[in-house]
Structure formats: structure tokens, C-alpha cells
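Okay, so here's the structure we're looking at.
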Amino acid sequence: EEDLLGDVCREVVEKWSESQVVDAIEKKEDEIQALASVMEKQARIVVKPKEVSQEEKQRKAALLAQSEGGGRTEAGSGLERCVPLAQAALFRNTNVEDVVNARKLERELLRDEFQKKKEQDKLQREKDKLAKQERKEKEKKRTQKGERKR
């Protein structure tokens with residue numbers, strides 16, 4: 001009986017091992033099939049070639065030339081060796097100018113607002129002054145009326 005039991009155990013272990021190998025093979029086949037389907041999908045995707053204008057080509061060439069020239073952007077800094085001045089003008093960095101102009105515009109707007117507020121305050125003070133004078137005159141007339149009645 002012990003021999004029979006050992007044979008049965010060995011047979012169970014062998015069958016289990018075989019099933020594991022079959023599962024592994026099936027998994028690999030599934031992975032291969034998935035990869036194949038992904039590759040087919042990618043092959044079906046048609047990428048349109050991007051049309052690049054002549055101006056964009058010039059810009060790209062100038063940028064490449066700039067990076068080879070040490071990334072200097074100012075005329076006279078070695079850029080003329082890499083890029084003609086006409087093309088270098090295409091790539092002038094306007095960020096600083098834009099910021100300065102934006103700040104200048106903001107200051108002008110603030111200045112205008114301040115000036116308007118100043119004028120409004122001045123007009124309001126004049127109105128207040130006139131109203132105060134009118135109240136004084138009315139009070140004066142009332143007191144004069146009261147004295148006349150006595």
C-alpha cells in the first residue's frame with residue numbers, strides 16, 4: 001500500500017507540474033497575442049507628415065545654429081558666425097520688453113485712476129464746502145428771523 005500511495009503522490013505532483021507548464025505556455029501565448037494585436041493597431045495608425053513652412057524651417061535652423069554657438073542671442077556675441085543677422089532678428093527675445101511694457105501700462109493706468117480719484121475728491125470737498133456754507137446761511141437766517149420776532 002505504501003508503494004501505491006507513493007505512486008499516487010508522484011502522479012499527482014507530475015500532473016500538477018504539467019498543468020503549471022501548460023498554464024505558463026498559455027499565458028505566454030496570450031501575451032504574444034496581445035502584443036501582436038497592439039503592434040497591428042499601431043501599424044494601422046497613419047501619421048500624416050507635418051507640413052513645415054519655409055519660415056519655420058529657417059527658425060529651426062537658426063535655433064539649431066544658436067544652440068551650437070553656445071546659445072548666445074545678442075548680435076556681436078558670436079551669433080553672426082552661425083546665423084545671418086536677418087534671421088537673428090526673427091528670434092529676438094521680447095519677453096523682457098513685454099514685461100516692461102506691461103508694467104509701464106499698468107503704472108499709467110494707476111496714475112490715471114489716481115488722477116481721476118484726486119479730481120473727484122476735490123469736487124466732493126467743494127460740494128461739501130458749499131453745503132456747509134448753505135447750512136450756515138440757513139442757520140443765520142433762522143436766528144435772524146427769531147430775533148426779529150422778539
Under a 4.0 Å N-O cut-off, is there an ion pair linking Lys140 with Glu137?
no

Carboxylate-amine/guanidinium proximity below 4.0 Å for Asp121 and Lys118
no

Can you tell me how far [atom2] of [Y] sits from [atom1] of [X], rounded to the nearest 0.5 angstrom?
{"X": "Glu11", "Y": "Leu4", "atom1": "CD", "atom2": "CG", "answer": "10.0 Å"}
{"X": "Glu108", "Y": "Arg103", "atom1": "CD", "atom2": "CZ", "answer": "14.5 Å"}
{"X": "Lys129", "Y": "Lys132", "atom1": "NZ", "atom2": "NZ", "answer": "9.5 Å"}
{"X": "Gln33", "Y": "Glu26", "atom1": "CD", "atom2": "CD", "answer": "13.5 Å"}
{"X": "Gln144", "Y": "Glu139", "atom1": "CD", "atom2": "CD", "answer": "11.0 Å"}
{"X": "Arg111", "Y": "Glu106", "atom1": "CZ", "atom2": "CD", "answer": "12.0 Å"}

Step through the shown structure and confirm whether more than 12 heavy atoms of other residues, nucleotides or ligands are within 6.0 Å of CD on Glu126.
yes

Neighbour count above 12 (heavy atom, 6.0 Å) for Gln20 CD
yes

Run the side chain to side chain contact (heavy atoms under 4.5 Å, CB included) check on Val21 and Ile25 step by step: do they pass?
CA-CA 6 Å; Val21 170; Ile25 290 172; 3.9 Å; yes

Taking side chain as C-beta onward, heavy atoms only, is [X] less than 4.5 Å from [Y]?
{"X": "Lys122", "Y": "Arg125", "result": "yes"}
{"X": "Glu113", "Y": "Lys116", "result": "no"}
{"X": "Lys138", "Y": "Arg135", "result": "no"}
{"X": "Glu29", "Y": "Ile32", "result": "no"}

Give the intermediate values and the outcome of side chain to side chain contact (heavy atoms under 4.5 Å, CB included) for residues Asp7 and Arg10.
CA-CA 5 Å; Asp7 289 340; Arg10 256 186 258 114; 2.8 Å; yes

Show your reasoning for whether side chain to side chain contact (heavy atoms under 4.5 Å, CB included) applies to Lys136 and Gln133.
CA-CA 5 Å; Lys136 281 184 179 181; Gln133 278 182 335; 5.6 Å; no

Assess, by modelled atom type and distance only, whether the side chains of Asn101 and Glu97 contain a donor and an acceptor separated by less than 3.5 Å.
no

